[in-house]
A.B. asks: 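Below are the structure tokens for one structure; questions will follow.
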Amino acid sequence: RAGTILDEEMLEEFEGRLIRSDMGVEAADEIVAELRKKFLGRTVDPPAVAETVNAKLRDLLTGSAGTGTGLAEPAGVEEENPDPLARLTVNPLGPTVVLVSGVNGVGKTTSIAKLAKLLTDAGRTVVLAAGDTFRAAAVEQLTTWAGRIGCEIVTGEMNSDPASVAHRGAVRAKELGADVLILDTAGRLQTQTNLMNELAKIRRVVGKQIEGAPHESLLVIDATTGQNGLSQAEKFSEAAGCTGILLSKLDGSAKGGVVIPIRRRMNIPVKFVGLGEGLDDLAVFEPAKFVRALEI
Amino acid sequence: MFRFPPPSRSAPATRGGPSRVPPSAALFESFSERLQKAMSFIDRGRLTEATVREGMKQVRQALLEADVAYDVARDFTKRVSEQAVGDRVLKSLKPSEQIVGIVYRELVALMGGDPDSEFQPSSVAAQIGVKRDGVTVLMMCGLQGAGKTTTCGKLARALKKDGFAPLLVAADLQRPAAIEQLKTLGEQVGVPVYTEDPANSTPVKVCQNGVKEAQRRGDVRVVILDTAGRLGVDEDLMRELSAIDRKVGPDAAFLVADAMTGQDAVNSAKAFNEALELDGVVLTKMDGDTRGGAALSIKAVTGVPLKFVGTGETLDGLEAFHPDRMAGRILGG
Ligand SMILES: Nc1nc2c(ncn2[C@@H]2O[C@H](COP(=O)(O)OP(=O)(O)OP(=O)(O)O)[C@@H](O)[C@H]2O)c(=O)[nH]1
Ligand SMILES: Nc1nc2c(ncn2[C@@H]2O[C@H](COP(=O)(O)OP(=O)(O)OP(=O)(O)O)[C@@H](O)[C@H]2O)c(=O)[nH]1
Ligand SMILES: [K+]
Ligand SMILES: [Mg+2]
Ligand SMILES: [Mg+2]
């Protein structure tokens, strides 16, 4: 349909597609306003307009749209077969500590297993710490995964202090001379202040054991999440100092567009995506692929 | 004039007990204030279709910010606009107040409530449709991590308290330690859990044998089937769900959905409803700060009644779904 005049009806169509990706009213409105300013009443080629939008979204997601606070995008993002390990900040002096947090049921434990598999396959030694001492059978769940991967796991008593499990995990990782320690945490809603403080405590405790730990703090966000994802990113960042997002469950019909306003407002980059329940279903986040899947 | 929903208690969130749904009256009042302010120009000038349209933009934006599905929000505002330009509003002294009232009433009605009277929840057994005698089979389903297993524990606890002996059936043979999880919850509330070795069974078999076990025991009134999480687009697993439905013939099937879900709520709810004709919806994780527009989306596209809300991780965190509270919450802030 080349040579169509862009009218309000077409703008509404774009708006619908943007909103349905979960990017939120504010970001969608900004994009629509830009289209209105540039193209309203003009003859346009709709796919070309869509491509303009996509380019903007890609820029936003790679941080090149200039949001200011400047979390640098590590190398390897736009490559053909991006190196997954390049996305992790590595501690050159000892074990790299990765803290994983997020609200209930988003896929933390499963994603940790996938990440451990990826690292193990690449020849790294991994220790897991089962920091969810609250949810029924959470420890058994991670233990099962550790068994399948063949990596070491440190566990604690039910209802014991998760910070002490993290502490013992750090001690064990140093003892073993392991490359990576991954800390699982119980799911918690970001409004539960006492539980958010618990995350801050875990950070402090591992920081005392290993210089600069946690070197990576991954927030797991479920791709089905709506606008609450913004509040999640904000409050988890405060408590856990998030350095990246792992966007889980992107294999479903949900688009995961909430990471766009999160990047826009808080500048937290997406590092990995979850694409299934199996150990190999983890991939590096590729902005172009992600934006294409939004089907704007 | 419409009535504001009654305020609900609010307590600090701990793992020790369920947190309450935020006071919706306060939420609704703040919305209603915002909306009335936004539409105050209507009260000064003459009410026209154009001014109503402007007001409805505010409503639509509030709905979208609450994660109500795009099409659902559009249809809703269209319908409300039509009412708003009606006689009653035109002749009223404060049309903006009237419009806010219409929005609220429409929302409550859409979610299965009566805007003119305070919602009176019925018992958990009645909500499930527990039969007068014999064994009633309830099947739980939903996306991964929505809260199915936890909700099974919560329902079992509530049923047991009301004297309807439950049996839990661990039909998730997929997720590592899913069976362990349900067993632990069963122990916590003193309810038996039927399990089979996942290596030598299938979800259909476990469910069939679980129901037989309940009949054999004699005292069991409700069997609750905890199925594995699955995606609406996963055809194999959706077929598996239909197979359980066909071969076990549960009396009711509930969808467990996360209250933080965004625009995808309509897609997955539709997929589950097509696979097995849902009888009810449980909206979990309402103890957080999500506005919960998924409630409206799911109801609008499936017509399936919302029955319960999950208000915490512990097994006492289950409440009846209040349409009036939910309307206030969706519009809130
Ligand atoms: N389809 C799909 N399912 C996933 C993915 N990641 C995790 N899951 C599933 O989501 C459910 C929850 O995963 P968990 O790893 O237990 O989530 P969690 O965040 O650790 O949960 P809590 O510890 O209870 O808060 C499980 O059924 C997983 O198999 C994914 O990328 N795709
Ligand atoms: N805050 C809060 N957490 C909840 C609620 N319901 C469930 N959860 C938590 O959500 C997470 C997932 O719950 P599960 O019951 O394991 O979910 P599921 O649907 O059985 O997950 P799969 O079997 O893996 O698909 C757990 O951490 C639960 O404790 C709720 O109402 N409020
Ligand atoms: K979820
Ligand atoms: Mg977990
Ligand atoms: Mg489960």
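To find a chain, count down the sequence lines: A is the first, B the second, and so on, and within it residues start at 1. Worth saying up front: this structure is predicted, and the values here are computed from it rather than measured.
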A.B. asks: Is A:D251 in contact with chain B via its backbone, its side chain, both, or neither, using a 4.5 Å heavy-atom distance?
C.D. replies: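 Contact with chain B: backbone and side chain both.
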
A.B. asks: Only heavy atoms, only distances under 4.5 angstrom. Which residues in residues 180-189 of chain B are near chain A?
C.D. replies: B:E180, B:Q181, B:T184, B:L185

A.B. asks: Is any side-chain heavy atom of B:E65 closer than 4.5 Å to a side-chain heavy atom of A:E26?
C.D. replies: no

A.B. asks: Do B:Q144 and A:S248 have side chains that approach each other closer than 4.5 Å (heavy atoms only, starting at C-beta)?
C.D. replies: no

A.B. asks: Establish, from distance only, whether the side-chain atoms of A:T224 and B:D264 form a donor-acceptor pair under 3.5 Å.
C.D. replies: no

A.B. asks: Specify the closest pair of heavy atoms between B:D287 and A:T191, including all atoms of both residues, with the distance to one decimal.
C.D. replies: O-OG1, 4.0 Å

A.B. asks: Going from CG on A:N104 to CG on B:D258, what distance comes out if it is rounded to the nearest 0.5 angstrom?
C.D. replies: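 That separation rounds to 8.5 Å.
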
A.B. asks: When rounded to the nearest 0.5 angstrom, what distance separates CZ in B:R291 from OG in A:S231?
C.D. replies: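 Here the interatomic distance stands at 12.0 Å.
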
A.B. asks: Could you tell me which of A:E277, A:Q232, A:R148, A:K255 has the largest number of non-hydrogen atom pairs under 4.5 Å with chain B?
C.D. replies: A:E277

A.B. asks: Against chain A, label B:L143 side chain, backbone, both or neither, depending on which of its atoms sit under 4.5 Å from a heavy atom there.
C.D. replies: side chain

A.B. asks: Relative to chain A, which of B:G262, B:S268, B:G232 shows the most heavy atom pairs under 4.5 Å?
C.D. replies: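 The option with the most such pairs is B:G262.
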
A.B. asks: Which atoms of A:K235 come close to chain B, meaning under 4.5 Å heavy atom to heavy atom: side chain ones, backbone ones, both, or neither?
C.D. replies: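 For A:K235, the contact with chain B is made by the side chain alone.
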
A.B. asks: Using non-hydrogen atoms and a 4.5 Å limit, figure out which bit of B:R230 sits close to chain A: side chain, backbone, both or neither.
C.D. replies: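 Looking at B:R230, nothing touches chain A.
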
A.B. asks: Kindly give the heavy-atom pair with the smallest separation between A:G105 and B:K285, and that separation in Å.
C.D. replies: CA-NZ, 4.1 Å

A.B. asks: Under 4.5 Å between any side-chain heavy atoms of B:E313 and A:L189, yes or no?
C.D. replies: no

A.B. asks: Is there a side-chain contact between B:Y70 and A:E15 in this structure, where contact means two heavy atoms from C-beta onward sitting under 4.5 Å apart?
C.D. replies: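 In contact.
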
A.B. asks: Which one wins on heavy-atom pair count under 4.5 Å against chain A: B:T284, B:D234, B:L231?
C.D. replies: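 Answer, by heavy-atom pair count under 4.5 Å with chain A: B:L231.
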
A.B. asks: Taking B:Q263's backbone N and O only, do any of them form a donor-acceptor pair with A:D22's side chain (distance below 3.5 Å, no angle check)?
C.D. replies: yes

A.B. asks: Where the side chain of B:D67 meets the backbone of A:Q227, is there a donor-acceptor pair that is under 3.5 Å apart?
C.D. replies: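 Yes.
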
A.B. asks: Which of residues 192-203 of chain B have a heavy atom under 4.5 Å from any heavy atom of chain A?
C.D. replies: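 The list, in residue order, is empty: none.
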
A.B. asks: Need one label for A:V103: side chain, backbone, both or neither, based on atoms under 4.5 Å from any heavy atom in chain B.
C.D. replies: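 A:V103 touches chain B through side-chain heavy atoms alone.
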
